[in-house]
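Okay, so here's the structure we're looking at.
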2 protein chains.
Amino acid sequence: MNAFSTAATGGRKKRGEGHTRREEILQAAKELFLELGYEATTIRRIADRVGVSAPALYLYFQDKEQMMLALCDQTFAVLIESIAEIENTVTDPRERIRRFGEAYLKFGLAHPDEYKLIFLGTNIPESIRKLGHRMPTDDPTRPGIGGALVFQRLVTMLVEAKQGGLKLNYPPDTCAELCWMGIHGVVAALILKPDFPWSNRDLLGTGMLDIVLNGVIAAA
Amino acid sequence: MNAFSTAATGGRKKRGEGHTRREEILQAAKELFLELGYEATTIRRIADRVGVSAPALYLYFQDKEQMMLALCDQTFAVLIESIAEIENTVTDPRERIRRFGEAYLKFGLAHPDEYKLIFLGTNIPESIRKLGHRMPTDDPTRPGIGGALVFQRLVTMLVEAKQGGLKLNYPPDTCAELCWMGIHGVVAALILKPDFPWSNRDLLGTGMLDIVLNGVIAAA
DNA sequence: GAAGATAACTTATCAATGGTAAGTTAACGG
DNA sequence: CCGTTAACTTACCATTGATAAGTTATCTTC
């Protein structure tokens, strides 16, 4: 532990305690990814913050990418949980979808970096870029599956809405895709262009929710 | 010119002919950016294809980024032109906006890499990431301004639509932002997740256009 | 047509990156 | 005490974007 390392955690771990080192690495990586972004966060920087040598990280992660994947899963679990709560407490199908959109918006704006990496990554490794649309039949224990799970919930909501008697203007999966694309468009824009003088951020969120709901669900 | 270099262009340029080398570099860079993406395209690869040494590129461009900027401008000029044609030939305001959206969609899907770099870049240098939302008052000769110019046209269309008597559900700039976000959401999704089993790509485009137009312009 | 000036280049080199190979140290079980 | 092995380190590699400094060919001027 030297005085210049932000979170150095002392010397060598005892036998069997390697997993605590792994968590220290994840914590440091998370901080740095959020501070600097994926590319600017180097293996050496993470290692410095943890207080170990750079190659030590490879004892716990296959590569830099796997660190990010583990972190994304942690974060998306929060969103998945809040969606589950909506499903358990809100019965009206239209209101469910709206609440989903609100939760999604809130999540995206609260976790812009994880959102970027899962849903907006363009110059990051292929295996990360594909996470957002991985099929729900994929192994759910595989890291980075969160994005696809979230989308799958929306599809289910639309299917159930139709079964519940709502009239949809498009097939349920198309409706889900359109809803997601609209909301995603708002999140993506606000995240990617934070300095743009948006007319009214709140109105963009609620407005888009109104627009896609009205566009997808036929008037009663 | 050696037989292994795809587009090597012979020896040293004569005095005053440096600009032709610059164009050769741009051409090679364009090919490689499209083949490999921004990150995977290295200075050395570009130089190899042109048939010069790597540092020679720095005679014509400040850095790798400036090459991409020059290319983005070239491409966006095509979209700007097609929008200008719509403005000149389509008078009905609602139809204008729809045609704008169609042109925008078509452009995005036809030039996914340029689109990614201007509107979706996340791990590319800051100066590129900001291009999409640069203010229209910025110097339009500055490289990479295309994205902002396009958006500005949409705002103008909405303002004129309101002046023309159409009733808008939100302020014109908010309407423009919502329209753009919806369409952008479709383009971004189709570009970023090309392998996802989208229900119906054409329907997503036309559907989103219907949805945002209906959502933004009040029924007659 | 020789002499400079300089545009157009090259070679050599830099620090930083992600990642690997191979060795070292410390903790535990017997 | 001793061997095994988890937990690490040092040394290194190829590749990256970029720079410094030198070289060569072409044009202008006398």
Side-chain angles (χ1 to χ4, degrees), chain A residues 1-2 5 8-26 28-29 32-33 35-70 117 121 123-128, chain B residues 1-2 5 8-26 28-29 32-33 35-70 117 121 123-128:
Chain A
M1 167 113 80
N2 78 65
S5 187
T9 48
R12 168 190 292 242
K13 294 291 175 184
K14 302 209 167 177
R15 283 204 169 196
E17 298 299 316
H19 61 95
T20 68
R21 182 70 82 199
R22 191 189 140 97
E23 274 154 39
E24 290 168 16
I25 294 169
L26 271 185
L32 288 168
F33 282 142
E35 282 173 33
L36 309 171
Y38 182 79
E39 291 293 330
T41 298
T42 67
I43 297 290
R44 285 162 179 81
R45 259 198 255 258
I46 300 172
D48 276 356
R49 182 160 294 200
V50 175
V52 295
S53 68
L57 304 202
Y58 291 92
L59 293 174
Y60 305 103
F61 298 93
Q62 205 199 332
D63 52 27
K64 188 180 169 182
E65 187 181 318
Q66 296 301 317
M67 298 181 206
M68 191 67 220
L69 292 190
L117 277 154
N123 285 300
I124 53 180
E126 187 81 358
S127 65
I128 292 189
Chain B
M1 169 111 80
N2 78 65
S5 188
T9 48
R12 169 190 290 242
K13 295 291 176 184
K14 303 209 166 176
R15 281 201 171 198
E17 299 297 316
H19 60 96
T20 67
R21 182 71 82 200
R22 190 188 140 97
E23 274 154 38
E24 290 167 15
I25 293 170
L26 271 185
L32 288 168
F33 282 143
E35 281 172 33
L36 310 170
Y38 182 80
E39 291 293 330
T41 298
T42 67
I43 298 289
R44 286 163 178 82
R45 260 198 255 258
I46 300 172
D48 276 356
R49 181 162 296 200
V50 174
V52 296
S53 69
L57 304 202
Y58 291 92
L59 293 175
Y60 305 103
F61 298 93
Q62 205 199 332
D63 52 25
K64 186 179 170 182
E65 187 182 317
Q66 296 300 318
M67 299 182 207
M68 191 67 219
L69 292 190
L117 277 153
N123 285 299
I124 53 182
E126 187 81 357
S127 64
I128 293 190

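Labels below follow one simple rule: chain letters A, B, ... track the order of the sequence lines, proteins then strands, and each chain is numbered from 1.
Using a 4.0 Å cut-off between a side-chain N of Lys or Arg and a carboxylate O of Asp or Glu, Glu35(A) and Arg45(A) do not qualify as a salt bridge.
Regarding Glu24(A), its CD atom lies at a distance of 12 Å from the P atom of dA7(D), rounded to whole Å. Atom CD1 of Ile43(B) is separated from atom P of dA16(C) by 19 Å (rounded to the nearest Å). Atom CD of Gln62(B) is separated from atom P of dG17(D) by 16 Å (rounded to the nearest Å). The CE-C1' distance, from Met68(B) to dG17(D), rounds to 17 Å in whole Å. Regarding Leu57(A), its CG atom lies at a distance of 10 Å from the P atom of dG19(C), rounded to whole Å. Distance Arg21(A) CZ to dT9(D) P: 8 Å, rounded to the nearest Å. In this structure, Tyr58(B) atom OH and dT16(D) atom P are separated by 12 Å, rounded to whole Å. Remark: C1' of dC13(D) and CZ of Arg44(A) are 11 Å apart, rounded to the nearest angstrom.
Residue contacts shown for Thr42(B) are limited to sugar-phosphate atoms, with no base heavy atom under 4.0 Å away. Phe61(B) comes within 4.0 angstrom of no nucleic acid atom, judged by non-hydrogen atoms across all strands. Using a 4.0 Å heavy-atom distance criterion, Thr41(B) is classed as a sugar-phosphate-only contact.
Taking all atoms of both residues into account, the shortest heavy-atom contact from Ile43(B) to Leu57(B) is O-CD1, 3.7 Å. Summarising the geometry of Val50(A) relative to Ala28(A), their closest heavy-atom pair is CG2-CB, 3.6 Å, with the distance given to 0.1 Å.
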Do any N or O atoms of the protein come closer than 3.5 Å to N or O atoms of nucleotides 27-30 of chain C, and which pairs are they?
from	atom 1	to	atom 2	distance (Å)
dA27(C)	N3	Arg15(A)	NE	3.2
dA27(C)	N3	Arg15(A)	NH2	3.3

Sort me out a list of protein N/O and nucleotides 1-3 of chain C N/O pairs below 3.5 Å, or just none if empty.
none

Exercise. Do Glu24(B) and Lys13(B) pass the salt bridge (Lys or Arg N to Asp or Glu O under 4.0 Å) test, and can you show the C-alpha distance, the side-chain angles, and the key distance before you say yes or no?
Worked result: CA-CA 11 Å; Glu24(B) 290 167 15; Lys13(B) 295 291 176 184; 2.7 Å; yes

Exercise. Should Met67(A) and Tyr60(A) be marked as a side-chain contact (heavy atoms from CB on, under 4.5 Å) after you check the CA-CA gap, both sets of side-chain angles, and the distance that decides it?
Worked result: CA-CA 9 Å; Met67(A) 298 181 206; Tyr60(A) 305 103; over 6 Å; no

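Nucleotides of DNA chain C nearest to Ser53(B) and Pro55(A) differ in position, and the one nearer the 5' end is that of Ser53(B).
Cation-pi geometry between Lys64(A) and Phe33(A) is not met: the NZ or CZ atom fails to fall both under 6.0 Å from the ring centre and inside 45° of the normal.
Put simply, CE on Met68(B) and CG on Leu26(B) are 10.5 Å apart, with the number rounded to the nearest 0.5 Å. Rounding to the nearest 0.5 Å places CD1 of Ile46(B) at 8.5 Å from CD1 of Ile25(B). The OG1 atom of Thr41(B) sits 9.0 Å away from the CZ atom of Arg49(B) when rounded to the nearest 0.5 Å.
Checked against dC8(D), dC9(C), dT17(C), the side chain of Leu59(B) finds its nearest nucleotide in dC9(C).
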